[in-house]
Number of protein chains: 2
Amino acid sequence: MSTPSKDRLRLWLRLLGLTRHVDGHLRDKLRLEFKTTLPRFDVMAALSRHPEGLKMSQLSGVLRVSNGNVTGIADRLAEEGLVERVPVPGDRRAMILRLTPAGNVEFAQQATAHEGWINDMLHGISAADARLMAAQLIAVAQAAENKEEINDPSHA
Amino acid sequence: MSTPSKDRLRLWLRLLGLTRHVDGHLRDKLRLEFKTTLPRFDVMAALSRHPEGLKMSQLSGVLRVSNGNVTGIADRLAEEGLVERVPVPGDRRAMILRLTPAGNVEFAQQATAHEGWINDMLHGISAADARLMAAQLIAVAQAAENKEEINDPSHA
DNA sequence: TATAGATATTTTAATCTTAAAGTATCAGCA
DNA sequence: TGCTGATACTTTAAGATTAAAATATCTATA
């Protein structure tokens, strides 16, 4: 049987299946080839896009994870000398987290490999199709977010 | 700049973004409306598709998670009387996990709500588009898996 | 039968994750 | 100055997750 609701459920299950598959593969690769994890990679990627560093709260904001979560990951990366906490002049509550030179070197290697793994896994999709699907997904995501605003006007 | 590799990377980031968004929403809903979690829901969903129950190892196989992972979730569900462990006649090592009658009732409600949440979130996609995108994603997933077999023939 | 290797599950140690509570600091105002 | 509420971060408790080690049982075979 096929109803619109079931069709959307099946789409979601496909989406989830593919994402988990790729995600799992990336985690394996990061562990085996760089002895690191996806959350650590995500933190370093965010810092890499902001060479001047990010406050802990900004970091948890862009990564969309909790504050406490970032604390632990930052602790472990700092222990290995890949990131460092810098005091914020004028606000003794805040700390800026930024990549160390060693962290920059390490992340550059990881990012290159990361792009390559994804290119390999998604090689069955042409560049044109990839752009098309990405555009479709943007539309889907926007529809989903609009729907939420209707249900929860607090975001306004 | 746009290279095939970057196009695929961007597609992956979109895919991941949408999936995390929907996934997070589902987790929130399960927690707020049913005081449960997605991993618990996943276990119950798998058992629901197999009314006679599944051995622990079969369950971790179906869900593609580790054995130890299922042990903990099953423990907590069993504590609440939603699932039960049944000995396997003729093999004292193995245990079958199955939904209790209470678990069946509870899951039926969760599954209905779950389908509704997804239908709401993906309402911006027509049923026809949903079927089309699902078909596209199957092709993508197959391409990704074929790629892996080439790199790792052990799966043959 | 004894045992060696395979199989099914649980346990353990580490990381990730969140919500909620706790600590320190800041900013505005009486 | 001293208070109050907000802000920035860390800590805590609980669950999820994995790989690897530990247990228990089974199976085949010498």
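Here is the naming used below: chain letters follow the sequence lines, and residue numbers restart at 1 for every chain.
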Under the ring pair (Phe, Tyr, Trp, His ring centres under 6.0 Å) definition, can you give me all pairs with a residue in [range], not counting sequence neighbours?
range: residues 56-88 of chain B; result: none
range: residues 42-79 of chain A; result: none
range: residues 87-108 of chain B; result: B:F41-B:F107

Which pairs, protein N/O on one side and nucleotides 21-23 of chain D N/O on the other, fall under 3.5 Å?
none

Nearest non-hydrogen partners of [X] and [Y], listed with the distance:
X: B:I118; Y: A:W12; value: CD1-CD1, 3.2 Å
X: B:I125; Y: B:D129; value: CG2-CB, 3.5 Å
X: B:L63; Y: B:A46; value: CD2-CB, 4.0 Å

Can you measure [X] atom [atom1] to [N] atom [atom2] for me and round it to whole angstrom units?
X: B:R64; N: D:dT17; atom1: CZ; atom2: P; answer: 15 Å
X: B:M95; N: D:dC26; atom1: CE; atom2: P; answer: 13 Å
X: B:D23; N: D:dA16; atom1: CG; atom2: C1'; answer: 13 Å
X: A:R20; N: D:dT18; atom1: CZ; atom2: P; answer: 10 Å
X: B:R92; N: D:dC26; atom1: CZ; atom2: C1'; answer: 9 Å

Heavy-atom distance under 4.5 Å between the side chains of A:N67 and A:M56, does that happen here?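 A:N67 vs A:M56: side chains apart.
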
Close N or O pairs between protein and nucleotides 12-15 of chain D (under 3.5 Å):
none

Any residue in residues 51-63 of chain A with a heavy atom nearer than 4.0 angstrom to DNA chain D? Just list them by number, or reply none.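 Residues of residues 51-63 of chain A that come under 4.0 Å of DNA chain D are, in numerical order, A:K55, A:M56, A:S57.
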
Look at all strands and tell whether [X] reaches a base, only sugar-phosphate, or nothing, counting heavy atoms closer than 4.0 Å.
X: B:R27; answer: nothing
X: A:L38; answer: nothing
X: B:V65; answer: sugar-phosphate

Only counting residues at least two apart or in another chain, list the ones meeting side chain to side chain donor-acceptor pair (under 3.5 Å) with A:N119.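 Here the qualifying residues are B:R8.
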
Candidate list B:V70, B:L47, B:L97, test side chain to side chain contact (heavy atoms under 4.5 Å, CB included), partner B:L54, passing option: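 Of the listed options, the one satisfying the test is B:L47.
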
Write out all pairs satisfying salt bridge (charged side-chain N to carboxylate O under 4.0 Å, His left out) with one or both partners inside [range], taking only residues at least two apart or from two chains.
range: residues 16-29 of chain B; value: A:D42-B:R20, B:D23-B:R27, B:D28-B:R31, B:K29-B:E33
range: residues 97-110 of chain A; value: A:E84-A:R98
range: residues 48-67 of chain A; value: none

Bounds of contact between DNA chain C and chain A, in 5' to 3' order, using a heavy-atom cut-off under 4.0 Å: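 For DNA chain C, the relevant span reads C:dT15 to C:dC26.
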
A:D28 or A:D91: which one's nearest nucleotide on DNA chain D is closer to the 5' end?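 Here A:D91 is the residue nearer the 5' end.
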
Where each residue is assigned the nucleotide of DNA chain D containing its nearest heavy atom, which of B:N67 and A:A94 is assigned the position nearer the 5′ end?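 Closer to the 5' end of DNA chain D: A:A94.
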
Taking atom CZ of B:R40 as the centre, report whether more than 12 heavy atoms of other residues, nucleotides or ligands fall under 6.0 Å from it.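 Atom CZ in B:R40 is packed in, count exceeds 12.
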
Mind checking what makes salt bridge (Lys or Arg N to Asp or Glu O under 4.0 Å) contact with B:D7, not counting sequence neighbours?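 Once residues adjacent in sequence are excluded, the partners of B:D7 under the salt bridge (Lys or Arg N to Asp or Glu O under 4.0 Å) criterion are A:R131, B:R10.
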
